[in-house]
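Labels below follow one simple rule: chain letters A, B, ... track the order of the sequence lines, proteins then strands, and each chain is numbered from 1.
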2 protein chains.
Amino acid sequence: MNDRPISFRVGTDCADCPIRHKAVCAHCDADELVRLEQIKTYRTYSAGEVIVWAGDEMDFVASLVSGVATLTQTMEDGRRQMVGLLLASDFIGRPNRSSVSYDVTATTDVTLCCFRRKPFQEVITNTPHVSQRLLEMTLDELDAAREWMLILGRKTAREKIASFLAILARRNAGASDLGPGIDIQFELPLTREAMSEYLGLTLETVSRQMSGLKRDGVILLEGKRRIVVPDFDALLNETGDDADGGMLA
Amino acid sequence: MNDRPISFRVGTDCADCPIRHKAVCAHCDADELVRLEQIKTYRTYSAGEVIVWAGDEMDFVASLVSGVATLTQTMEDGRRQMVGLLLASDFIGRPNRSSVSYDVTATTDVTLCCFRRKPFQEVITNTPHVSQRLLEMTLDELDAAREWMLILGRKTAREKIASFLAILARRNAGASDLGPGIDIQFELPLTREAMSEYLGLTLETVSRQMSGLKRDGVILLEGKRRIVVPDFDALLNETGDDADGGMLA
DNA sequence: CGCCCTTTTGAACACTTTCAAATCCCGTGG
DNA sequence: CCACGGGATTTGAAAGTGTTCAAAAGGGCG
């Protein structure tokens with residue numbers, strides 16, 4: 001019902017983990033990592049696979065080690081809205097609640113670091129480093145959700161696309177150079193349909209607006225999935241936000 | 001810059017507090033309450049007053065004791081989207097971050113229980129009962145934000161209005177009777193304009209849809225602000241959600 | 001009683017959706 | 001190596017929903 005493990009890789013050392021310093025375990029010391037090591041298991045899912053369905057029981061919580069996953073809500077009549085876009089180091093599941101509220105889907109191949117629910121709840125209770133990190137991450141997600149609400153509620157289709165691309169560009173570039181004159185490139189981890197579910201649009205509108213941004217030279221497409229942003233400020237100018245941060249004043 | 005106290009009421013006992021068992025202090029024992037008492041101050045704001053502006057520094061965090069407040073984001077050109085609707089017991093501010101991301105506005109007369117930022121951060125660090133309660137509350141807010149995202153991204157104007165009224169009805173009725181045959185009544189704490197900012201609509205559309213729901217007998221208006229819901233299921237049927245919870249099967 | 005702000009209503013318009021069909025792209029198999 | 005198949009994407013045209021601009025009606029408070 002709730003798990004479709006494709007493969008297991010047990011015994012991987014937390015010290016070598018690519019998300020060691022960003023995930024829920026970020027603040028842990030060596031002793032605390034040992035506790036987590038004892039209750040963790042890796043699972044992998046392939047692109048397109050559903051990790052859990054809304055309403056199902058999930059006997060674990062997890063950190064997303066690699067890949068991209070989504071949280072999606074579905075209405076009676078099939079209308080769908082994505083409500084979470086999970087990248088490396090993001091947390092899946094809610095302590096003290098075993099039933100899941102949203103469909104969780106792997107949109108690329110995904111590796112999860114899963115913690116058995118019961119013992120993880122004890123860790124939360126006894127390890128302030130973990131619960132405090134989880135609070136930080138949840139507050140960040142809440143901020144992201146609120147930025148997303150502005151996009152959904154008030155932006156035009158073109159602004160929505162530009163905003164989405166800017167968010168991806170920022171997350172992919174990390175803290176590195178987003179200045180003018182530097183080409184930013186990244187892979188789109190979502191289909192046009194998934195983008196439409198993120199942005200509250202139809203996939204046709206997404207396609208049209210992508211074409212529009214390409215036509216206007218704001219983005220270049222290499223194949224269908226690789227995006228090149230020749231001028232990040234130009235992209236920001238399309239988002240409707242305070243793009244240039246008052247550089248003109 | 002950041003505070004416009006209208007009046008103070010010092011020395012009020014936490015034991016008598018109306019939000020004692022729902023706010024961030026809910027899990028605290030007597031000793032822990034003493035610590036909070038030492039750093040708290042009450043402030044009141046009158047309807048319409050801005051509590052803090054986005055970007056301002058806030059030297060306190062707070063629990064909303066009574067009244068209704070909103071979090072709102074504003075774009076360059078004046079488009080506005082509400083991203084938080086704060087009712088009694090909700091928490092305002094973010095630990096470890098003194099600058100505020102959204103305009104916080106009192107939409108009715110409001111009383112806050114404010115905690116000085118610095119000492120509150122110590123409480124967070126040293127008092128698991130507080131940090132764990134704050135985590136719970138933040139997770140609840142995140143869930144609410146995600147439900148809201150579905151409303152903004154995928155619902156029609158009529159469904160948005162119905163969903164909003166259903167949310168208010170549920171919060172006001174508390175755990176009590178929402179069954180059929182029981183009239184639910186509540187006061188609208190928001191103007192049409194504030195509703196439009198909540199729902200990503202124009203105020204004209206809000207007004208039209210309210211009229212439509214009234215015309216169809218889904219709601220009754222007593223004055224402009226008091227709403228009567230003669231049949232809660234009928235309202236739910238307008239939300240687009242799985243209204244009757246499978247009662248028909 | 002009158003003023004002002006909120007709310008309602010009307011009509012034309014704009015943007016996104018819907019429905020339909022063509023095109024592209026990639027993996028597969030001949 | 002190239003043709004084929006099928007999902008993903010793009011493009012077109014018509015239709016619909018919500019917005020915009022405008023004006024009237026309603027309500028509360030001095």
Spatial distance of atom [atom1] ([X]) from atom [atom2] ([Y]) [nearest 0.5 Å]:
X        : Y        : atom1 : atom2 : answer
B:Ser196 : B:Gln81  : OG    : CD    : 9.0 Å
A:Leu86  : A:Ile51  : CG    : CD1   : 8.0 Å
A:Arg170 : A:Phe232 : CZ    : CZ    : 4.5 Å
B:Met195 : B:Thr205 : CE    : OG1   : 11.5 Å
A:Phe164 : A:Leu188 : CZ    : CG    : 6.0 Å

Checklist entry - Does CD belonging to A:Glu193 count more than 12 external heavy atoms closer than 6.0 Å? => result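 Not buried by this count: 12 neighbours or fewer within 6.0 Å.
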Item to check | Any A:Ser211 side-chain N or O less than 4.0 Å from OP1/OP2 of D:dT10 | outcome: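 Negative; the distance criterion is not met.
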Answer with base, sugar-phosphate or nothing: what part of the nucleic acid does [X] contact at a heavy-atom distance below 4.0 Å?
X        : value
B:Leu201 : sugar-phosphate
A:Ser207 : base
A:Thr205 : base
A:Gly200 : sugar-phosphate

Checklist entry - Between D:dT19 atom P and B:Asp77 atom CG, what is the distance in whole Å? => result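 The distance from CG of B:Asp77 to P of D:dT19 comes to 15 Å, rounded to the nearest Å.
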Item to check | Between D:dT19 (P) and B:Arg79 (CZ): distance, integer Å | outcome: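 B:Arg79 atom CZ is separated from D:dT19 atom P by 12 Å.
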List the atom of [X], the atom of [Y], and the distance in Å for their closest heavy-atom pair.
X        : Y        : answer
B:Arg154 : A:Leu201 : NH2-O, 3.0 Å
A:Gln73  : B:Leu150 : OE1-CB, 3.6 Å
B:Leu168 : B:Pro189 : CD1-CD, 3.9 Å

Next on the checklist: Just to verify, which of B:Val218, B:Thr239, B:Val229, B:Leu213 counts as forming a side chain to side chain contact (heavy atoms under 4.5 Å, CB included) with B:Leu165?
Outcome noted: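 Only one of B:Val218, B:Thr239, B:Val229, B:Leu213 forms a side chain to side chain contact (heavy atoms under 4.5 Å, CB included) with B:Leu165, namely B:Leu213.
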Next on the checklist: For B:Val52, run the side chain to side chain contact (heavy atoms under 4.5 Å, CB included) check against B:Asp103, B:Ile92, B:Val104, B:Leu71 and tell me which one passes.
Outcome noted: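 Running side chain to side chain contact (heavy atoms under 4.5 Å, CB included) over B:Asp103, B:Ile92, B:Val104, B:Leu71 with B:Val52 returns exactly one hit, B:Val104.
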Checklist outcome for this item: Readout for nucleotides 21-30 of chain D: B = base within 4.0 Å of protein heavy atom, S = sugar-phosphate only, - = neither; 5' to 3' it is B----S----
Item to check | DNA chain C: 5'-most and 3'-most nucleotides touching chain A, 4.0 angstrom heavy-atom criterion | outcome: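 Range of nucleotides touched by chain A: C:dT16 to C:dC25.
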Next on the checklist: Near DNA chain C, counting only heavy atoms under 4.0 Å, which residues of residues 148-162 of chain A show up?
Outcome noted: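 Within residues 148-162 of chain A, the residues near DNA chain C are A:Thr156, A:Ala157.
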